[in-house]
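Following: one structure in structure tokens, then a few remarks.
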Amino acid sequence: LVNPPELYTWLLGKVTQDEDFSQTVYDLVASGDLVEIDQVSFGLAVGVQRRIERSDVRWNEDANNYNLAFLGGAEDWSGKLTTTSVFGELGTSLGESVELNLALRYEDFKEIDQDTTDYKVTLLWRPVQSLALRGSLGTSFRVPSQLQLFGTEHTYGLPFDPVVGFLDIVPVAVTGT
């Protein structure tokens with residue numbers, strides 16, 4: 001018994017997709033020397049930023065119908081994430097060979113109703129001209145990707161045995177009742 005080629009074509013499917021990802025960024029930043037106290041100058045940078053990220057993913061019919069040799073499929077999806085940020089950084093020298101930077105950033109992620117305030121403290125020491133040691137302490141927030149926020153993809157891995165590795169999947173002809 002031999003399966004017709006059309007059956008294999010239907011079983012295996014073919015994946016294609018059209019993707020459109022875009023990011024628009026508006027920045028307004030001001031920086032410069034703030035003040036000098038006892039021959040120690042302080043620099044300041046402040047700014048605002050607005051980011052608009054858009055995504056649009058369209059899969060073909062085989063992917064939408066999960067017709068991919070039993071290994072998965074995907075659905076069309078699109079999304080938008082608008083982020084508004086306000087930030088500032090203060091820097092100064094603590095002597096001839098030490099620099100200190102303090103930074104603060106607030107971000108609001110509109111579509112997922114999240115916000116975060118993060119700081120960073122950096123100390124740079126140059127014991128000699130050819131060597132610089134830097135240490136920093138801070139917090140951060142990573143927003144999920146567009147796929148994690150809005151997308152759907154389903155995959156099913158090949159069977160894996162930790163002793164022998166991936167198991168071979170071969171077609172089997174079955175006869176009888």
Side-chain angles (χ1 to χ4, degrees), residues 2-31 45-91 101-122 134-174:
V2 177
N3 290 323
E6 296 83 18
L7 178 60
Y8 288 110
T9 301
W10 178 83
L11 283 173
L12 295 178
K14 180 179 179 181
V15 177
T16 60
Q17 68 188 40
D18 291 319
E19 297 178 346
D20 183 24
F21 291 89
S22 66
Q23 182 181 68
T24 304
V25 180
Y26 303 98
D27 274 323
L28 178 61
V29 179
S31 65
V46 294
V48 294
Q49 182 183 75
R50 177 100 164 174
R51 274 189 326 272
I52 303 166
E53 300 173 69
R54 290 184 174 88
S55 54
D56 186 39
V57 177
R58 300 287 170 233
W59 294 88
N60 70 333
E61 185 178 355
D62 282 335
N64 283 158
N65 292 328
Y66 294 83
N67 184 27
L68 303 174
F70 308 106
L71 297 178
E75 298 168 13
D76 298 344
W77 62 273
S78 62
K80 177 183 172 187
L81 183 61
T82 307
T83 307
T84 304
S85 305
V86 179
F87 53 89
E89 182 173 354
L90 179 67
N101 282 311
L102 307 171
L104 190 66
R105 182 179 188 96
Y106 169 79
E107 291 187 297
D108 177 64
F109 306 97
K110 180 180 176 185
E111 285 79 7
I112 61 173
D113 196 29
Q114 294 286 321
D115 65 353
T116 181
T117 302
D118 297 295
Y119 70 89
K120 182 176 172 183
V121 178
T122 304
R134 185 180 82 133
S136 64
L137 174 68
T139 60
S140 64
F141 176 77
R142 182 186 172 277
V143 69
S145 72
Q146 294 274 320
L147 176 60
Q148 291 168 325
L149 288 171
F150 309 112
T152 57
E153 284 185 27
H154 305 279
T155 58
Y156 310 101
L158 294 174
F160 182 80
D161 182 305
V163 175
V164 298
F166 285 101
L167 303 176
D168 291 328
I169 299 177
V170 295
V172 176
V174 178

For this session: Please step through side-chain contact (heavy atoms from CB on, under 4.5 Å) for the pair N101 and L90, ending with a clear verdict.
Result: CA-CA 6 Å; N101 282 311; L90 179 67; over 6 Å; no

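- Every salt bridge (Lys or Arg N to Asp or Glu O under 4.0 Å) that D56 has, sequence neighbours left out, goes to R58.
- For V48, the side chain to side chain contact (heavy atoms under 4.5 Å, CB included) test picks out L28, V86, with sequence neighbours left out.
- Counting only heavy atoms from C-beta outward, the side chains of N64 and D76 approach each other to under 4.5 Å.
- L102 is not listed as a side-chain neighbour of Y119, based on a closest heavy-atom distance of 4.5 Å or more.
- Heavy-atom minimum distance, F87 versus R105: CD2-NH1, 3.4 Å.
- For V25, the side chain to side chain contact (heavy atoms under 4.5 Å, CB included) partners two or more places apart in sequence, or in a different chain, are Q23, D27, Q49, R51.
- Considering only residues two or more places apart in sequence or on other chains, E53 meets the side-chain hydrogen bond (donor to acceptor under 3.5 Å, both in side chains) condition with none of them.
- In this view, T84 and R50 satisfy the side-chain hydrogen bond (donor to acceptor under 3.5 Å, both in side chains) rule, not counting sequence neighbours.
- No more than 12 heavy atoms of other residues, nucleotides or ligands shown are found within 6.0 angstrom of CG on D113.
- Residues forming a salt bridge (Lys or Arg N to Asp or Glu O under 4.0 Å) with E89 (at least two apart in sequence, or on another chain): none.
- Residues meeting the ring pair (Phe, Tyr, Trp, His ring centres under 6.0 Å) test with F141, sequence neighbours left out: F109.
- Residues passing the side chain to side chain contact (heavy atoms under 4.5 Å, CB included) test with R54, sequence neighbours excluded: S22, I52, K80.
- Closest non-hydrogen pair, L149 versus P144, comes out as CD1-O, 3.6 Å.
- In this structure, the side chain to side chain contact (heavy atoms under 4.5 Å, CB included) partners of T117, at least two apart in sequence or on a different chain, are L104, Y106.
- At least one side-chain heavy atom of L81 sits under 4.5 Å from a side-chain heavy atom of V143.
- When all heavy atoms are compared, the tightest approach of F150 to G79 is CD1-CA, 3.5 Å.
- By the side-chain hydrogen bond (donor to acceptor under 3.5 Å, both in side chains) test, T139 pairs with D118, sequence neighbours left out.
- Here T83 pairs with nothing under the side-chain hydrogen bond (donor to acceptor under 3.5 Å, both in side chains) rule; sequence neighbours left out.
- Residues K120 and L137 have side chains not in contact (no heavy-atom distance under 4.5 Å, counting atoms from C-beta outward).
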